[in-house]
Amino acid sequence: MIREITDRDFNELFKLYMQLHDNPFPEKDERVMAIWQSILQDKNHHIIVCEEEGHIVSSCVCVIIPNLTRGQRPYAFIENVITDKAHRKQGLATACLDHAREIAKKENCYKMMLLTGSKEKSTLDFYERAGYNKNDKTAFIMWL
């Protein structure tokens with residue numbers, strides 16, 4: 001089942017996120033829970049998940065960014081695309097990305113952008129099959 005996160009999904013989502021850049025499970029302190037609540041309440045911040053048998057096995061983030069150019073149409077930014085290692089190659093991340101695309105269309109976005117740190121051909125091919133191209137823009141990152 002593809003859906004957006006709810007308040008009860010914190011633990012399941014972070015179990016999956018532990019596979020993303022060796023991300024440690026955070027302590028549920030005041031700061032972390034304030035961020036969680038902020039995300040849940042932000043109408044422009046969508047965390048999309050695929051749930052199977054009560055477990056979150058794939059996810060992506062879709063943030064809608066208001067914009068003053070392109071007829072004041074917003075754009076969507078995709079981040080944190082992840083599928084549990086035991087559930088890969090089943091179309092789950094594609095389903096999450098498809099759901100993100102539907103959100104972006106509903107919000108009248110003129111484009112979607114996705115960055116990946118992966119250089120793996122299989123990952124890059126996956127994003128191209130999902131409809132993203134690497135030719136239109138050049139990304140630059142400044143780590144802070």
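The first residue in the sequence is number 1, and the count goes up from there. Side chains included, hydrogens not; waters and symmetry mates left out as well; all remaining heavy atoms used.
Residue Ile47 is grouped with residue Met18 when hydrophobic side chains (ILVMFWY) are merged at heavy-atom distances under 4.5 angstrom, including chains of intermediate members. In the hydrophobic clustering of ILVMFWY residues, with side-chain heavy atoms under 4.5 Å counting as a link, Ile56 and Phe14 come out together. Hydrophobic clustering (ILVMFWY, side-chain heavy atoms < 4.5 Å, transitive): Ile78 and Phe140 are in distinct clusters. Hydrophobic clustering (ILVMFWY, side-chain heavy atoms < 4.5 Å, transitive): Leu20 and Leu97 are in distinct clusters.
Other residues, nucleotides and ligands contribute only 12 or fewer heavy atoms inside 6.0 Å of the CD atom of Glu120.
Under the side chain to side chain contact (heavy atoms under 4.5 Å, CB included) criterion, Leu68 pairs with no residue, sequence neighbours left out. Qualifying side chain to side chain contact (heavy atoms under 4.5 Å, CB included) partners for Arg88, counting only residues two or more places apart in sequence or in other chains: Gln19, Ile82, Thr83, Lys85. A search for salt bridge (Lys or Arg N to Asp or Glu O under 4.0 Å) contacts involving Lys15 returns Glu12, not counting sequence neighbours. Ala104 meets the side chain to side chain contact (heavy atoms under 4.5 Å, CB included) test with Ala76, Cys109, Met112; sequence neighbours excluded. Applying the side chain to side chain contact (heavy atoms under 4.5 Å, CB included) rule to Asn135 yields the partners Asn133; only residues at least two apart in sequence or on another chain are considered.
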Could you give me the CA-CA distance, side-chain angles and deciding distance for Glu107 and Asn44, then say whether side chain to side chain donor-acceptor pair (under 3.5 Å) is met? CA-CA 9 Å; Glu107 295 297 328; Asn44 288 322; over 6 Å; no
Just distance, no hydrogens or angles: give the donor-acceptor pairs under 3.5 Å from side chains in residues 22-35, sequence neighbours left out.
{"residue": "Lys28", "atom": "NZ", "partner": "Asn11", "partner atom": "OD1", "Å": "3.1"}
{"residue": "Asp29", "atom": "OD1", "partner": "Arg31", "partner atom": "N", "Å": "3.3"}
{"residue": "Asp29", "atom": "OD1", "partner": "Val32", "partner atom": "N", "Å": "2.9"}

Using atom types as modelled, flag every donor-acceptor pair under 3.5 Å from a side chain in residues 123-132 to any protein atom, sequence neighbours excluded.
{"residue": "Thr123", "atom": "OG1", "partner": "Ser118", "partner atom": "OG", "Å": "3.4"}
{"residue": "Asp125", "atom": "OD1", "partner": "Lys121", "partner atom": "NZ", "Å": "3.4"}
{"residue": "Asp125", "atom": "OD2", "partner": "Lys121", "partner atom": "NZ", "Å": "2.8"}

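Taking Ile, Leu, Val, Met, Phe, Trp and Tyr as members and joining any whose side-chain heavy atoms lie under 4.5 Å apart, directly or through other members, the hydrophobic cluster of Leu144 also contains Met142. Hydrophobic side-chain contacts under 4.5 Å tie Leu92 into a cluster, directly or through other members, with Val57.
To the nearest 0.5 Å, the span separating CG on Leu16 from OG on Ser59 amounts to 6.0 Å. Between atom CG of residue Asp7 and atom CD of residue Gln41 there is a gap of 9.5 Å, rounded to the nearest 0.5 Å. How far SG of Cys60 is from NE2 of His99: 8.5 Å, rounded to the nearest 0.5 Å.
For residues 92-103, the salt bridge (charged side-chain N to carboxylate O under 4.0 Å, His left out) pairs, not counting sequence neighbours, are Asp98-Arg101, Glu102-Lys105. Pairs engaging residues 35-60 under the salt bridge (charged side-chain N to carboxylate O under 4.0 Å, His left out) rule: Arg3-Glu51 [sequence neighbours left out]. Within the structure, every pair that satisfies the ring-ring contact (aromatic ring centres under 6.0 Å, His included) test and touches residues 32-85, not counting sequence neighbours, is listed here: Phe10-Trp36.
Here the shortest heavy-atom pairing between Leu40 and Thr6 reads CD2-C, 4.0 Å. Scanning all heavy atoms of the two residues, the minimum distance from Cys50 to Cys96 falls at N-SG, 3.8 Å. Pairing each heavy atom of Pro66 with each of Pro74, the nearest pair is CA-CB, 4.2 Å.
Between Val61 and Ile39, every side-chain heavy-atom pair lies at or beyond the 4.5 Å cut-off. Val81 is not listed as a side-chain neighbour of Thr116, based on a closest heavy-atom distance of 4.5 Å or more. Under the 4.5 Å side-chain criterion, counting only non-hydrogen atoms from C-beta, Ile2 is not in contact with Val49.
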